[in-house]
2 protein chains.
Amino acid sequence: MTDDLVLRRQVCFALYTASRALTDVYRPILDEFGLTYPQYLVLLVLWERPDDAPTVSELGTELRLDSGTLSPLLKRLEGAELVVRRRSARDERRVEVGLTERGRALRQRVEHIPMCVAQATGLGLAELVALRDTLTQVTDTIHRQKEQ
Amino acid sequence: MTDDLVLRRQVCFALYTASRALTDVYRPILDEFGLTYPQYLVLLVLWERPDDAPTVSELGTELRLDSGTLSPLLKRLEGAELVVRRRSARDERRVEVGLTERGRALRQRVEHIPMCVAQATGLGLAELVALRDTLTQVTDTIHRQKEQ
DNA sequence: CGCAATTAAGTTGTGCACAACTTATCGGTG
DNA sequence: CACCGATAAGTTGTGCACAACTTAATTGCG
């Protein structure tokens, strides 16, 4: 009898649990700004290129989320007056997502968060970087396989 | 201007994405058995101790899920005739979750899955073990902080 | 040019996660 | 023994994720 099915042995379970644990760290912090973690991720992308107004599918490519997830999420961000959505002039299928002044201003108020969360992991900077790179590599490997 | 808010630099995003990518690997495989990943996790716990019939909250402790998640999930597993739920005789508040014959039999049919998924990560065995241990350590660190 | 295939965003339905709450049971203390 | 706080499971409501589908606009090929 193999022991491969033992929960604590599985990388996937460790990943699933660690991901939820880190979201738990974010939750009370982001809650003060009325944000969820996925909403915060969308804002991260927008803050990276404030003059860009990416489309919904460009956001989806960055975050690996589809319109089924992003459409209602963006509607909520728009309701919070953090982003605006407008149909592209040159391609009426596209919807461009831009920051409002309010959304732009939020950036500096949340700038300290990544440091707090990184600290909560208990890992050193080098370990964090190594972990991040390993995880990114795994994700890329899986997605590369999927496309073939 | 700090770059801490850049998406690709963040461990959390790497974790969030890797977790979803791995679930993506599981999905089509588990789909053949009519299972979701969290349902599979519950079965893993039950297979580990087939004579135990843990309570809902014992399952919750293992998986770090609350009754709000587990109750409907277990109802679906019961609908699929993979588990049975029964009130504990000596404590009517508790509900014990046991495997049906069908649930017990499923074990050997999914025994190969962890190997397949591990392979999809592209990591070697040693790397996988190291990754799992790092993630478990992070999760434990976070939960320990939470309890104090 | 005309139309079929493609692309973009949104909608619908299912199943987690999780907070907040409800209901029922239990255990301990006066 | 009665009651009160604690505990267990379930319910309700919100917000992701994701599959499958719809609608609308565009592209490209004959």
Side-chain angles (χ1 to χ4, degrees), chain A residues 12-13 16-28 30-31 34-43 53-61 63-80 83 85-97 143 146, chain B residues 12-13 16-28 30-31 34-43 53-61 63-80 83 85-97 143 146:
Chain A
C12 298
F13 178 68
Y16 163 76
T17 306
S19 178
R20 285 193 297 131
L22 266 184
T23 307
D24 274 359
V25 177
Y26 267 109
R27 191 171 299 109
L30 290 176
D31 213 44
L35 292 175
T36 64
Y37 183 65
Q39 288 169 13
Y40 166 76
L41 290 180
V42 167
L43 291 177
T55 64
V56 174
S57 39
E58 281 164 357
L59 283 173
T61 303
L63 301 173
R64 298 202 167 272
L65 293 170
D66 67 4
S67 68
T69 301
L70 285 174
S71 286
L73 187 156
L74 290 169
K75 198 183 290 183
R76 282 185 283 273
L77 279 181
E78 194 169 41
V83 308
R85 290 186 294 172
R86 52 179 175 278
R87 288 276 161 191
S88 164
R90 67 174 57 122
D91 187 343
E92 292 272 342
R93 290 173 305 180
R94 295 169 184 244
V95 167
E96 293 164 351
V97 182
H143 288 136
K146 199 139 252 190
Chain B
C12 298
F13 178 69
Y16 163 77
T17 307
S19 177
R20 285 195 295 132
L22 266 184
T23 308
D24 274 1
V25 176
Y26 267 108
R27 190 171 299 107
L30 290 177
D31 214 45
L35 291 175
T36 64
Y37 183 65
Q39 287 168 15
Y40 166 76
L41 290 180
V42 167
L43 292 177
T55 65
V56 173
S57 39
E58 280 165 356
L59 284 173
T61 302
L63 301 173
R64 297 203 166 272
L65 293 170
D66 65 4
S67 69
T69 300
L70 285 174
S71 285
L73 188 157
L74 290 170
K75 199 184 290 183
R76 284 186 282 274
L77 279 181
E78 193 169 43
V83 307
R85 290 186 294 172
R86 53 179 175 279
R87 287 278 162 190
S88 163
R90 66 176 57 125
D91 185 343
E92 291 273 342
R93 291 173 303 179
R94 295 170 183 242
V95 167
E96 295 165 349
V97 182
H143 288 137
K146 199 140 254 188

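The figures here come from the full heavy-atom set of this structure, side chains too, leaving out hydrogens, waters and symmetry mates. Worth saying up front: this structure is predicted, and the values here are computed from it rather than measured. Letters A, B, ... are given to chains in the order of the sequence lines, protein chains preceding strands, and every chain is numbered from 1.
Partners of B/Asp66 under the side chain to side chain donor-acceptor pair (under 3.5 Å) rule, at least two apart in sequence or in another chain, are B/Thr69. With sequence neighbours left out, A/Tyr16 forms a ring-ring contact (aromatic ring centres under 6.0 Å, His included) with B/Tyr37. Checked against side chain to side chain donor-acceptor pair (under 3.5 Å), B/Ser71 has no partners two or more places apart in sequence or in another chain.
For the pair B/Leu77 CG and D/dG10 P, the interatomic distance rounds to 13 Å; values are reported in whole Å. Taking atom CZ of B/Arg90 as the reference point, atom C1' of C/dG27 lies 16 Å away to the nearest angstrom.
Considering OG1 of B/Thr17 and NE2 of A/His143, their distance stands at 7.5 Å, rounded to 0.5 Å. Atoms OG1 and CZ, from A/Thr55 and A/Arg93 in turn, are 10.5 Å apart once rounded to the nearest 0.5 Å.
Within the 4.5 Å cutoff, side-chain heavy atoms of B/Arg85 are placed close to those of B/Lys75. Looking at heavy atoms from C-beta onward, B/Leu73 lies in side-chain contact with B/Pro38 at the 4.5 angstrom threshold. B/Leu65 has its side chain out of reach of B/Leu59: every pair of non-hydrogen atoms, C-beta onward, lies at least 4.5 Å apart.
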Tabulate atom names and distances for all N/O pairs under 3.5 angstrom spanning the protein and nucleotides 5-9 of chain C.
from	atom 1	to	atom 2	distance (Å)
C/dT7	O2	A/Arg93	NH1	3.0
C/dA9	OP1	A/Val56	N	3.3
C/dA9	OP1	A/Val95	N	3.0
C/dA9	OP1	A/Val95	O	3.4
C/dA9	OP2	A/Ser57	N	2.8
C/dA9	OP2	A/Ser57	OG	2.5

Quick test: give all pairs of protein nitrogen or oxygen and nucleotides 15-18 of chain D nitrogen or oxygen below 3.5 Å, distance rounded to 0.1 Å.
from	atom 1	to	atom 2	distance (Å)
D/dC16	OP1	A/Thr36	OG1	2.6
D/dC16	OP2	A/Gln39	NE2	2.9
D/dC16	OP2	A/Arg76	NE	2.7
D/dC16	OP2	A/Arg76	NH2	3.0
D/dC16	O5'	A/Arg76	NH2	3.2
D/dA17	OP2	B/Tyr16	OH	2.5
D/dC18	OP2	B/Arg20	NH1	2.8

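Phosphate proximity of C/dT14 to B/Lys75: absent, as no side-chain N or O sits under 4.0 Å from OP1 or OP2.
In this structure, B/Ser67 and B/Pro72 approach most closely via the heavy-atom pair O-CD, 4.0 Å. Across all non-hydrogen atoms, the minimal contact from A/Gly34 to A/Gln39 is O-OE1, 3.8 Å.
At its two ends the helix from C/dC1-D/dG30 to C/dG30-D/dC1 runs along axes set 0° apart, each axis drawn from five pairs and the angle rounded to 10°.
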